[in-house]
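Sequence positions, counted from 1, serve as the residue numbers for this chain.
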Amino acid sequence: MARKKPLVVVTRKLPDKIETRMRELFDARLNVEDVPLDRARLAEAVATADVLVPTIADRIDAEVLAHAGPNLKLIANFGNGVDHIDVAAATERGITVTNTPGVLTEDTADMTMALILAVPRRLTEGAAMLTQDDGFWPGWSPTWMLGHRIWGKRLGIIGMGRIGQAVARRAKAFGLQIHYHNRHPLPAHIEEEVEATYWDSLDQMLARMDILSVNCPHTPATYHLLSARRLKLVRRDAYIVNTARGEVIDEAALARMIETGELAGAGLDVFEREPAVSPKLLKLARQGKVVLLPHMGSATVEARIDTGEKVIVNIRAFIDGHRPPDRVLAAML
């Protein structure tokens, strides 16, 4: 008798190629309408599934996991970050958690570099000039739309993991001086490759950079890592770029300091209370002081397919009795 396929509940619409493969391999319950599941439907999902495939938009906390049925043994997250999943609570219930590291690195680094360019060079302001007022543009002028050069500036990378290193390689090619703060220094050969300077003290690094790029994960230790106190250490003419997680920065303090001229500006792809965006930040965007994107850092066809394929590999390894290659432990966070 053929072995029964595991019931895999997927919380959001995934690329057609991935959904087709999931239907072939599993008893896949898909979200073809792509409507986010509310708390009640998440509770129903964990109560019935053998495997849950959530995304960053789904909060799988202890309250939701309290509804977990006896068959739920794997949460195969569609994405790298797992700050939306209570990994410790899952582990206590005998549920394995996996993620999809590595697949978003290059795309997120591309978007980080795009924001590093967009903010000092006022790209969105310039583009808006040609779409507002019926495209009226008076023509070139020596003193019009002046931004700031990034070549030769000091870039401070906060979090020098895969994405941080990929940002460093790109930034070096643009002539930026690379500095970084990390829990531990990188191996010497990587530092030499990107000509990076390590700072053990985040406070000291913040005070000396022209541009700061946030590339660390959101964990309890990094919540408001850039607090109001630390933001006051940053130079008034510096820019901050965040493509990691909104919770890493005290967003209210950031908006207030840009509004009062204590910071030059910011490029943000993530927000502290997504999908809500601070009205102050929206106002600053209309004034050209910040560039805001709707969490697009990893939004490429290639990244989404690669992510889905990693999810499938983790599920297949688990149901075949093997340790999933991308298992996440609470101690890792």
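Every residue was checked against the salt bridge (charged side-chain N to carboxylate O under 4.0 Å, His left out) condition with E247, not counting sequence neighbours, and none meets it.
Looking at heavy atoms from C-beta onward, R327 lies in side-chain contact with T96 at the 4.5 angstrom threshold. Within the 4.5 Å cutoff, side-chain heavy atoms of R235 are placed close to those of D210. For the pair M111 and L293, the minimum side-chain heavy-atom distance is below 4.5 Å. Side chains of L115 and D269 form a contact here, defined as non-hydrogen atoms less than 4.5 Å apart. Proximity of V328 to T98: side-chain heavy atoms (C-beta onward) are nowhere separated by under 4.5 Å. Using a 4.5 Å heavy-atom threshold, the side chains of I18 and I312 count as touching. L42 places a side-chain heavy atom less than 4.5 Å from the side chain of I60. The closest side-chain heavy-atom distance from L206 to I158 is below 4.5 Å.
A salt bridge is absent between R256 and E251; no separation between the charged side-chain nitrogens and carboxylate oxygens falls under 4.0 Å. In summary, E24 and R21 engage in a salt bridge, as defined by a charged side-chain N under 4.0 Å from a carboxylate O. By the 4.0 Å N-to-carboxylate-O rule, D250 lies too far from R229 to be salt-bridged with it. Salt bridge annotation for D50-K5: absent, with no cationic side-chain nitrogen under 4.0 angstrom from a carboxylate oxygen. Using a 4.0 Å cut-off between charged side-chain N and carboxylate O, R245 and E272 make no salt bridge.
Atom NZ of K310 and atom CG of L104 lie 10.0 Å apart (nearest 0.5 Å). Here the SG-CG distance, from C216 to L226, works out to 7.5 Å after rounding to the nearest 0.5 Å. Rounding to the nearest 0.5 Å gives a distance of 14.0 Å between CD of E125 and CZ of R286. Between the CD1 atom in I249 and the CZ atom in F271 there is a gap of 10.5 Å [rounded to 0.5 Å].
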Exercise for review: Determine, stepwise, if the pair R39 / E44 fulfils salt bridge (charged side-chain N to carboxylate O under 4.0 Å, His left out).
Suggested key: CA-CA 9 Å; R39 302 284 288 179; E44 178 186 355; over 6 Å; no
Practice item. For T100 and V311, run side-chain contact (heavy atoms from CB on, under 4.5 Å): C-alpha distance rounded to whole Å, both residues' side-chain angles, the deciding distance at 0.1 Å, then the answer. Key: CA-CA 7 Å; T100 59; V311 168; 3.8 Å; yes
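Judged purely by distance below 3.5 Å, without hydrogens or angles, the side chains of D203 and S201 never pair a donor atom with an acceptor atom. Inspection of the D326 and N99 side chains reveals no N or O donor paired with an N or O acceptor under 3.5 Å.
Checking each of R12, R304, K13 against E19 for a salt bridge (charged side-chain N to carboxylate O under 4.0 Å, His left out) leaves exactly one that passes, namely K13.
A chain of hydrophobic side-chain contacts below 4.5 Å, direct or via other Ile, Leu, Val, Met, Phe, Trp or Tyr residues, connects M257 to M205. Taken together through direct or relayed side-chain contacts under 4.5 Å among Ile, Leu, Val, Met, Phe, Trp and Tyr, I211 and I157 form part of one hydrophobic cluster. Both V277 and L268 belong to a single network of hydrophobic side chains, linked directly or stepwise wherever heavy atoms of I, L, V, M, F, W or Y lie under 4.5 Å apart. L123 and Y239 are not part of a single hydrophobic cluster, where members link through side-chain heavy atoms under 4.5 Å apart. Following chains of ILVMFWY side-chain contacts shorter than 4.5 Å, one can reach I190 starting from I163, so the two form part of one hydrophobic cluster.
Ring pair H179/W199 is tilted by interplanar angle, where 30° to 60° counts as tilted.
The environment of H148 atom NE2 is sparse: at most 12 non-hydrogen atoms of other residues, nucleotides or ligands sit within 6.0 angstrom. Atom CZ of R316 has 12 or fewer neighbouring heavy atoms from other residues, nucleotides or ligands inside a 6.0 Å radius. Residue R121 qualifies as open at atom CZ: its count of foreign heavy atoms under 6.0 Å is 12 or below. More than 12 heavy atoms of other shown residues, nucleotides or ligands fall within 6.0 angstrom of atom CZ in R208. Heavy atoms of other residues, nucleotides or ligands lying less than 6.0 angstrom from CZ of R169 number more than 12. Crowding of W144 atom CH2: a count of heavy atoms from other residues, nucleotides or ligands under 6.0 Å exceeding 12.
Distance alone, capped at 3.5 Å, is enough to place a donor-acceptor pair between the D58 side chain and the T55 backbone.
L65 and A90 get closest at one heavy-atom pair: CD1-N, 3.7 Å. Between N77 and P54, the shortest heavy-atom contact is OD1-O, 3.2 Å.
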